[in-house]
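These notes concern the structure reproduced below.
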Amino acid sequence: LIQKTTWLLVLAVANDFSCFSQSQTMEDSKPLSHHNINSLFDSVEAFLFDCDGVIWKGDKLMEGVPQTLQMLRSKGKKLVFVTNNSTKSRKAYAKKFLSLGLDVTEEEIFTSSFAAAMYLKTSGFPREKKVYVIGEEGILDELEIAGFTGLGGPEDGNKRVELKPNCLFEHDKSVM
């Protein structure tokens with residue numbers, strides 16, 4: 001049996017499903033079968049789902065997702081929905097889930113925007129300093145929720161600085 005503390009990796013390549021633990025190599029992996037699927041399932045406490053292309057494609061829910069999530073929840077599994085798409089905050093993603101008929105809380109959503117804000121928060125970044133964002137609105141939203149002042153974002157995407165002789169460029173020292 002695989003210990004509950006062992007990290008599992010499930011690979012799905014076309015129809016060839018294989019699983020192996022952190023301490024195993026690809027050569028040690030065994031194809032999933034009706035003989036070992038239950039022990040694999042029982043050993044996993046949390047499931048991480050990418051959103052784009054796994055839960056939905058564009059604004060269309062992927063087939064079987066509601067039933068799968070309901071089954072996992074009924075078995076007491078923790079669900080986490082991850083995305084590297086920084087265009088939306090967790091709140092905006094929760095609204096998207098709801099619009100697709102899925103009841104997912106903000107606490108179950110982990111975005112790159114949230115990760116960036118939490119990194120600053122947990123690393124002791126001074127709240128009085130401003131953060132210049134070269135990125136999307138979701139980052140600005142998550143920074144604000146975490147108590148930071150964000151500048152820039154998508155509205156600065158087309159701005160250009162023209163440096164001329166004898167031109168003074170003011171620097172806001174509170175921007176990191």
Side-chain angles (χ1 to χ4, degrees), residues 1-125 131 135-148:
L1 280 176
I2 300 170
Q3 297 291 323
K4 285 197 184 267
T5 56
T6 302
W7 285 89
L8 296 176
L9 178 59
V10 176
L11 298 175
V13 181
N15 291 326
D16 179 30
F17 291 93
S18 298
C19 67
F20 61 94
S21 71
Q22 183 181 14
S23 61
Q24 293 175 315
T25 65
M26 287 291 288
E27 293 80 30
D28 297 331
S29 67
K30 297 176 187 156
L32 285 177
S33 70
H34 66 279
H35 298 294
N36 62 8
I37 190 70
N38 287 335
S39 66
L40 172 64
F41 183 80
D42 292 342
S43 70
V44 176
E45 294 182 28
F47 286 80
L48 274 63
F49 292 91
D50 188 15
C51 296
D52 303 314
V54 175
I55 301 297
W56 57 68
K57 192 169 190 174
D59 288 326
K60 187 175 187 289
L61 191 62
M62 301 295 273
E63 186 179 335
V65 167
Q67 299 85 349
T68 300
L69 300 182
Q70 180 184 11
M71 183 274 297
L72 292 171
R73 288 187 195 282
S74 74
K75 302 288 186 187
K77 303 299 182 180
K78 180 176 175 66
L79 306 180
V80 181
F81 302 90
V82 298
T83 181
N84 64 348
N85 186 335
S86 67
T87 59
K88 297 179 180 76
S89 65
R90 292 177 306 140
K91 183 176 186 173
Y93 271 107
K95 286 180 183 176
K96 180 168 184 170
F97 276 101
L98 191 58
S99 75
L100 295 170
L102 300 174
D103 186 23
V104 174
T105 67
E106 287 180 42
E107 291 74 26
E108 293 176 304
I109 302 167
F110 195 90
T111 67
S112 56
S113 302
F114 176 68
M118 289 303 99
Y119 172 77
L120 293 176
K121 189 173 184 175
T122 61
S123 67
F125 187 83
V131 180
E136 297 294 333
E137 195 66 37
I139 302 171
L140 291 169
D141 293 344
E142 291 293 350
L143 286 172
E144 182 180 341
I145 291 167
F148 296 103

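Fair warning: this is a prediction, and the values are worked out from it, not measured in the lab.
- Closest non-hydrogen pair, Asp52 versus Asp50, comes out as O-OD2, 3.6 Å.
- Judged by distance alone, the side chain of Glu142 and the main-chain N or O of Arg90 form a donor-acceptor pair under 3.5 Å.
- For Gln67, the CD atom counts as densely surrounded, since its 6.0 Å shell holds more than 12 non-hydrogen atoms of other residues, nucleotides or ligands.
- Distance alone, capped at 3.5 Å, is enough to place a donor-acceptor pair between the Asn36 side chain and the Ser33 backbone.
- Inter-residue side-chain proximity for Lys88 and Thr111 is flagged as unmet; no heavy-atom pair is nearer than 4.5 Å.
- Across Asn85 and Thr83, no two heavy atoms sit closer than the pair N-OG1, 3.1 Å.
- With sequence neighbours left out, the ring pair (Phe, Tyr, Trp, His ring centres under 6.0 Å) criterion links Phe110 to Phe114.
- Looking at residues two or more places apart in sequence or on another chain, you find no salt bridge (Lys or Arg N to Asp or Glu O under 4.0 Å) involving Lys91.
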Next on the checklist: Could you walk me through whether Tyr93 and Val104 satisfy the side chain to side chain contact (heavy atoms under 4.5 Å, CB included) test, starting with their C-alpha distance in whole Å, then the side-chain angles of each, then the deciding distance to 0.1 Å, before giving a yes or no?
Outcome noted: CA-CA 9 Å; Tyr93 271 107; Val104 174; over 6 Å; no
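- Using a 4.5 Å cut-off on side-chain heavy atoms (C-beta onward), Leu100 and Val65 make no contact.
- Taking 4.5 Å as the limit, some side-chain heavy atom of Phe49 sits within range of a side-chain heavy atom of Leu69.
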Checklist entry - Step by step, would you call Asp42 with Lys75 a salt bridge (charged side-chain N to carboxylate O under 4.0 Å, His left out)? => result CA-CA 9 Å; Asp42 292 342; Lys75 302 288 186 187; over 6 Å; no
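- One finds the CG atom of Leu61 at 10.0 Å from the NZ atom of Lys96 (value rounded to the nearest 0.5 Å).
- Distance alone, capped at 3.5 Å, is enough to place a donor-acceptor pair between the Lys77 side chain and the Phe41 backbone.
- Nearest approach of Arg73 to Asp103, heavy atoms of both residues: NH2-O, 3.4 Å.
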Item to check | Step-by-step side chain to side chain contact (heavy atoms under 4.5 Å, CB included) determination, Val131 to Ile139 | outcome: CA-CA 10 Å; Val131 180; Ile139 302 171; over 6 Å; no
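- Classification of the Trp56-Phe97 ring pair by plane angle, with boundaries at 30° and 60°, yields perpendicular.
- Remark: Glu137 pairs with no residue by the salt bridge (Lys or Arg N to Asp or Glu O under 4.0 Å) rule, at least two apart or across chains.
- For the pair Phe148/Phe125, a side-chain contact is recorded, criterion being any heavy-atom separation below 4.5 Å from C-beta on.
- Closest approach of Met118 and Ala146 over heavy atoms only: CE-CB, 3.8 Å.
- Atom OG of Ser89 and atom CG of Leu143 lie 11.5 Å apart (nearest 0.5 Å).
- Side-chain atoms of Ser86 never come within 3.5 Å of backbone atoms of Ser113 as a donor-acceptor pair (strictly under, hydrogens ignored).
- Looking at heavy atoms from C-beta onward, Glu45 lies out of side-chain contact with Lys78 at the 4.5 angstrom threshold.
- Contact of the Thr68 side chain with the Phe47 side chain is not registered, since no non-hydrogen atoms from C-beta on lie closer than 4.5 Å.
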